[in-house]
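Within every chain, numbering begins at 1; the chains are lettered A, B, ... in the order of the sequence lines, protein sequences first and strands thereafter. Keep in mind that this is a model prediction, so the values were computed, not measured.
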Amino acid sequence: MRRLLLVILAALLWAAPCLAQDKVRHVSVTQIVEHPSLDAMRLGFLDRLKALGLKVEPSVHIAQGNMATNVQIASQVQGENPDLILAITTPSAQAVVQKIKDKPIVFTGVTDPLAAGLVKSLSAPGGNVTGMTDMSPMDRHVALIKECVPGIKRLGVLYNAGEPNSVVLVNLLKDECAKAGVALEEATAANSAAVYQAAKSLVGRVDAVYVPVDNTVVSALEGAIKVCEQNRLPFFSGDTDSVARGTVAALAVDYRKMGEQTADMAAAILKDGKKPGEMPVETIRDLALHVNKGAAARMGLTLPESVLKRADKIIP
Amino acid sequence: MTSYAFFGALEQGFAFGLMVLGVYLTFRVLDFPDLTVDGSLPLGAAVSAVAIDAGVHPALSLVLACGAGFLAGAVTGFLNTRLRILHLLASILTMIALYSVNLRIMGRPNLTLLGKPTLVDLFTTASGLPQYLSTPLLFGLVTAFAAVVLIWFLRTELGLALLATGDNPRMIRALGVNTGGTIILGLGLSNALTAMSGALVAQNQGGADVNMGVGTIVAGLASVILGETVFGRRSVARAVLAAILGSLLYRLAIALALGLKLGPFSVTPSDLNLITALLVVLALTAPRMKVKVFS
């Protein structure tokens, strides 16, 4: 009898971890650099997983912008033997996808997962990978600029030609501007120190300036804002965080929400046992419109009522 | 540290070992601080990636990368020896020019190699080893081969002229050697090695990226000095081996820094560079401390 009890006890002990709902999941995070949008995605992701009732033990690695470290992080992650890997940005995702074939990888903050070679197709990624693209809806950005600056003839775009995501976005912007009958003037800055001068080069050539989600320009945004204020050029951005810093308006991805939506995908893999390769790449469900009335006034622009009415956030 | 992290560090150490050999050649042999490497590393990656994308065999793409790197180094050498531009500035000029050149070569900032045949994939299949073991082995073999060729070369008459150019340029000129020529050759070889390193790194990383060269010279110099401190440089062969060893130690230091448990109130991921620097400082001073303690 005692023996039987022992056997039952042993069986229970063995089965307990499987029965328990609050099993701890190891999630390894790899991120190329610290940056408000990328950090917001990571925090949104981890908080949402917790809110969904998953007990998560994250290990976060940030490569400090160094590609060699980025590859070493991929090895590090492999050694951690995680239940799931979150890869934030294109190079981080490329390194883990190259190295790790037997763990689910969810990427986020990748603009063009097809060109980056991460997935075979957006509808059926294949392999152990899926994720979210933060591709900006360029048609809606151009429409917003046209709505705010009626009769715009020439738009200036400020970006770093060395950033993969920006080049994709600017190519899209070219198509959309052509469709909208707006001429596009480009100014490129290879590093943050060159942003001010690049912005100045647009003065006199354009009626408004637009900056896509570009790490280089956004990191040195104040210089460009100064140029636009001095020359009464309305300045639009592709991200909402920049509106608080002084751009006129942005209709964009809320990176925290994007992280949360990515967490839903991760939960489907961790909880429901879905296969990443069969989950289509997702885009952000809802976009946020932020406007800055003060910045608009300083740049010689009165925002139309139609825009103000539907704004999610108005900065005075 | 897990075995994956350990072998990952070895793999990076060997892949960048070629670049460290290049930095040794300019910094120690020629006494020429060469920042071209920040541009020639992504140049090698770009050339190799474009070649593989176009269907060229990945091994052949390494040769093409070497050629491109040699040209880049030769440009720096030309600017310095023929146009009389200060060595540091000459190399910076080539480096910034290469940024645009690399964008032109790839036609975009990031060219993926995922799903394309690379040396890493081919060797992994051929050796039957898991990827985390096959990659350091492959890169170790390539680096060992390069080291042997370099040691052999530095013992030839031309190699000796190169060594003498750095040691005593006036004497070697008096002996009738054209030091301008040896400097251009040395820079070419150094950047050929660096470009090959970049090609290997790209094939391992899953793509070439225009920003992958940032900080190459820092890693190169740190590795050369680290190796010398730990291993010495009494002969050419010993200095070459020390350079590779330094590269391995540098990457192991990063692996250690990455493996530290990161909690909200202790160190955070943003401290990585600081911790790496501290570990390298520790490695640099430890041998001297040992001497002091035991003498």
With only heavy atoms counted, which part of [X] is less than 4.5 Å from chain A, the side chain, the backbone, both or neither?
{"X": "B/Phe7", "result": "neither"}
{"X": "B/Tyr99", "result": "side chain"}
{"X": "B/Asn211", "result": "both"}
{"X": "B/Gln205", "result": "both"}
{"X": "B/Val210", "result": "side chain"}

Review point. For chain B, which of A/Lys99, A/Gln64, A/Lys101 has the most heavy-atom pairs under 4.5 Å?
Key: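 Highest number of pairs under 4.5 Å: A/Gln64.
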
Review point. Any donor-acceptor pair under 3.5 Å linking the side chain of A/Ser75 with the backbone of B/Ala5?
Key: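 Not confirmed, A/Ser75 side chain does not pair with B/Ala5 backbone.
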
Practice item. Evaluate side chain to side chain contact (heavy atoms under 4.5 Å, CB included) for B/Glu11 paired with A/Gln72, printing each intermediate quantity in order. Key: CA-CA 9 Å; B/Glu11 151 202 317; A/Gln72 271 193 267; over 6 Å; no

Quick check on [X] against chain B: is it the side chain, the backbone, both or neither that has a heavy atom closer than 4.5 Å?
{"X": "A/Ala190", "answer": "both"}
{"X": "A/Gln78", "answer": "both"}
{"X": "A/Asn81", "answer": "neither"}
{"X": "A/Ala116", "answer": "backbone"}

Which atom of [X] lies closest to which atom of [Y], heavy atoms considered:
{"X": "A/His61", "Y": "B/Leu258", "result": "CE1-O, 3.5 Å"}
{"X": "A/Ala161", "Y": "B/Pro109", "result": "O-CG, 3.5 Å"}
{"X": "A/Ala68", "Y": "B/Arg251", "result": "CB-NH1, 3.4 Å"}

Review point. Counting heavy-atom pairs under 4.5 Å to chain A, which of B/Val120, B/Thr112, B/Thr276, B/Thr2 comes out on top?
Key: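 Counting heavy-atom pairs under 4.5 Å, the top option is B/Thr112.
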
Look up atom [atom1] in [X] and atom [atom2] in [Y], then write down how far apart they are to the nearest 0.5 Å.
{"X": "A/Thr90", "Y": "B/Asp209", "atom1": "OG1", "atom2": "CG", "value": "8.5 Å"}
{"X": "A/Ile100", "Y": "B/Tyr132", "atom1": "CD1", "atom2": "OH", "value": "13.0 Å"}
{"X": "B/Asp121", "Y": "A/Gln98", "atom1": "CG", "atom2": "CD", "value": "6.0 Å"}

Check your understanding: Under 3.5 Å, is there a donor-acceptor pair between the B/Asn110 and A/Gln94 side chains?
Key ->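 Checked: B/Asn110/A/Gln94 side chains pair up, N/O donor to acceptor below 3.5 Å.
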
**Study point:** Min side-chain heavy-atom separation A/Ile62-B/Leu272 under 4.5 Å
**Key:**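 No, too far: nothing below the 4.5 Å cut-off.
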
Review point. Does the side chain of B/Val214 reach to within under 4.5 Å of the side chain of A/Asn66, using non-hydrogen atoms?
Key: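 The answer is no, as the side chains (C-beta and beyond) never meet within the 4.5 Å cut-off.
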
Exercise for review: Might you confirm whether atom NZ of A/Lys103 has over 12 heavy atoms from other residues, nucleotides or ligands at distances under 6.0 Å?
Suggested key: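 Enclosed: over 12 neighbouring heavy atoms sit under 6.0 Å from NZ of A/Lys103.
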
Check your understanding: Any chance NZ of A/Lys120 has more than 12 other-residue heavy atoms, nucleotides or ligands included, within less than 6.0 Å?
Key ->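 No - once you tally the heavy atoms of other residues, nucleotides and ligands closer than 6.0 Å, there are 12 at most.
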
Review point. Quick one: do A/Glu163 and B/Arg108 make a salt bridge, cutoff under 4.0 Å?
Key: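 A salt bridge is absent here (no side-chain N lies under 4.0 Å from a carboxylate O).
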
